[in-house]
Amino acid sequence: MAETAIAGLGMTELGKVYGRSPRRLAAQAVRAAAADAGLALTDLDGLIVAPGMSGGPGVELARTLGLRDLRLLTAMNAFGASAGAMVAYAASMISAGSASAVACVFADAPLRPERPAGAAYDRTAPEWHGLDGLRAALGFRSVNAYYALAARRHMARYGTTSEQFGAIAVGTRAWATGNPLAQMREPISLRDHQESRWVVEPLHLLDCCLVSNGGVAVIVTGAERARDLARPPVYVWGWGQGHPGHRLERGSEFGLTTGAAISGPAAMKMAGVTTGDITMCQLYDCYTYTVLVSLEDYGFCAKGEGGPFAASGALGPGGALPTNTGGGQLSAYYMWGMTPLSEAVIQARGDGGERQAARNDLILVSGNGGILDHHSTLIVGPHPKGHR
C-alpha cells in the first residue's frame, strides 16, 4: 500500500464564534488547510465532509469552494469517530490511485448567543424527538445521562473513583494553559473538580467537554508528494475502526469496554507497532471517563486500572504518556474527532510551543462516536512508516 501523509492543517477561530454558518466555517478551514500545505484549491481532487449536529456542511461544500472535476466527494458521519474514518478513507483512496489530494473537514456551529451552551446538544430539543419515549421518561434525555450510566458501571465494577476522573481533568487543563487556542486556560485543582456542579452523577461539570463553534480541515496526500510541499509531512502509519454494538441490557459490556479494543489492535497491526512504541496519545475526551476506558482498551494499562494510571500523573505535563497535550475537548475546543487529530498534527510537526512534548515519534489518535457506538484509531508520526 502506498504511503500517505497529512500535508495541511486548517483551523478557523474556535469557541464562541458567531455569525458564520457551518458551511462558511468549513470552507474557511479547507482554504486554510490548502494554503498551509502550499496547494491551490484546484490541486484538490477529493473532499470528505463530516456533517455536524446543527446542520453542518454537506457535499454542497464543493460548490461553495468552487471545486470541480473531483474524483472523490462524500459525506461521512460516525460522530466523534468521523475524523479518523475520513483520514483512513482518504488514505485508502490515495493508495489505490483513486485520488491524489483529499480535504477532510468538520465544521459545526451549535452555540448560539441566546441559549446556554448546555442546550446545544439537548435531546429534548425538536431535532431529537425521535429518541425512545420510555428512556426519555426514565430521565435519559441527554448524551450526558448515557455517559454517566457508562461511568457509573465502570466505577461499580472496578472501583474507579470520581477523584481519578478528576485527575484527568486537572492534567488536561494543565496542558491547555500552554495552548493559545484553548477556551479554558486557567489551571484547576482536584478540589475545583470535586466542587464543580453535578451535570449527571457521577459526572461533574469538569468531567464534561466544552461546546464550540468552528471548523478544522486536513489535507491527505501521497507521502512522496507531501515531502515536496510547504509543511513537514505527518505520516499515516495505520488505522482501524471498532463498532461494538453493546446494548443497554443485562450481560452487556456497555461502559466496561469500547470500540478501542477493536480499532486499536487493528491500527497497531497495520502500523507494525505496539503500545510500547507509542510516545503520545491524543484521545477523544467528550468526558474524563472516555479517556480512562480508552487507555484500558488500547492496552496502556490493564482493564480496571485506568483510574490509578490516570491518578499517577502519567497523562499530564512531565508524565510518562503525554495525553491531550493541547487541552483536548475538556479544556481546549470541541471539534469532534478533529480536536485530537489537529493536536496530533501540531505535535508531530513540533509546533506545540511551550506545550510541545519531549517525544513525538508515534502518536495515537482516537475518536469516539455516538454513545460508545463507534471508535476510530489513527497512528501518525513525523517520520515515514517503519522509521525507528
Side-chain angles (χ1 to χ4, degrees), residues 4 6-14 17 20-37 39-94 96 98-111 120-121 127 212-221 236 239 241 284 329 333-342 344-345 365 367-370 373-376 378:
T4 57
I6 296 170
L9 171 65
M11 305 171 70
T12 69
E13 294 175 81
L14 301 163
V17 181
R20 286 179 246 174
S21 68
R23 190 187 301 187
R24 182 180 171 189
L25 290 164
Q28 182 182 346
V30 172
R31 291 188 183 105
D36 183 61
L39 294 170
L41 287 177
T42 52
D43 293 319
L44 303 179
D45 59 3
L47 176 66
I48 308 178
V49 182
M53 297 296 290
S54 60
V59 294
E60 302 87 357
L61 178 64
R63 184 169 294 144
T64 301
L65 289 165
L67 298 177
R68 301 181 61 186
D69 301 321
L70 293 176
R71 302 168 65 192
L72 171 63
L73 176 61
T74 190
M76 182 177 294
N77 189 2
F79 301 96
S82 299
M86 287 193 294
V87 170
Y89 186 46
S92 297
M93 295 297 283
I94 290 166
S98 298
S100 63
V102 180
C104 303
V105 60
F106 168 81
D108 204 2
L111 285 176
Y121 297 113
E127 58 266 34
S212 310
N213 291 354
V216 180
V218 295
I219 307 296
V220 184
T221 189
V236 181
W239 59 78
Q241 289 187 41
Y284 195 92
Q329 297 171 142
Y333 47 87
Y334 180 63
M335 285 285 105
W336 283 15
M338 282 295 189
T339 300
L341 179 58
S342 60
V345 172
V365 183
N368 168 70
D373 297 310
H374 315 291
H375 207 98
S376 64
L378 294 173

If you round to the nearest 0.5 Å, how far is CE of Met335 from CG of Asp108?
6.5 Å
Correct closest heavy-atom pair for Leu25 and Ala109 would be CD1-CB, 4.3 Å
The side chain to side chain contact (heavy atoms under 4.5 Å, CB included) partners of Arg23 (sequence neighbours excluded) come to Ser21, Pro57, Glu60, Leu61, Thr64
Nearest non-hydrogen partners of Leu378 and Trp239, listed with the distance
CD2-CB, 3.6 Å
Scanning both residues in full, the closest heavy-atom pair of Ala91 with Thr4 reads CB-OG1, 3.4 Å
Taking atom OG of Ser376 and atom CG of Leu341, what is their separation to the nearest 0.5 Å?
9.0 Å
Report yes if some heavy atom in the side chain of Leu39 is under 4.5 Å from a heavy atom in the side chain of Thr221; otherwise report no.
no
Side chain to side chain, Val216 and Phe106, heavy atoms closer than 4.5 Å
no
Name the one of Val30, Val102, Leu65 that satisfies side-chain contact (heavy atoms from CB on, under 4.5 Å) with Leu44?
Val30
Ala96: what forms a side chain to side chain contact (heavy atoms under 4.5 Å, CB included) with it, not counting sequence neighbours?
Ser98
Can you find a pair of side-chain heavy atoms, one from Leu47 and one from Val59, that are under 4.5 Å apart?
no
Looking only at heavy atoms, what is the nearest atom pair of Ala37 and Gly8, with distance?
CB-CA, 3.9 Å
Validation row: Tyr334, Leu111 side chains within 4.5 angstrom (heavy atoms)
no
Please list, one pair per line, the donor and acceptor atoms closer than 3.5 Å that link side chains of residues 78-87 to other protein atoms, with sequence neighbours excluded.
unit_1	atom_1	unit_2	atom_2	d
Ser82	OG	Ala78	N	2.8
Ser82	OG	Phe79	N	3.1
Ser82	OG	Phe79	O	2.7

Non-hydrogen atoms of Gly214 and Leu14 that approach each other most closely
CA-CD2, 3.9 Å
Considering residues at least two apart in sequence or located in another chain, which fulfil the side-chain hydrogen bond (donor to acceptor under 3.5 Å, both in side chains) criterion with Asp36?
Arg231, Arg349
Working to the nearest 0.5 angstrom, can you tell me the gap between Met338 CE and Leu9 CG?
8.5 Å
Under the side-chain hydrogen bond (donor to acceptor under 3.5 Å, both in side chains) test, residues paired with Ser100 that sit two or more places apart
Asp45
Hey, are the side chains of Thr12 and Val17 touching, using non-hydrogen atoms and a 4.5 Å cut-off?
no
Pairs involving residues 84-93, ordered by first then second residue, that meet side chain to side chain donor-acceptor pair (under 3.5 Å) (sequence neighbours left out)
none
Could you measure the distance from the CE atom of Met11 to the CD atom of Gln28? Nearest 0.5 Å is fine.
11.5 Å
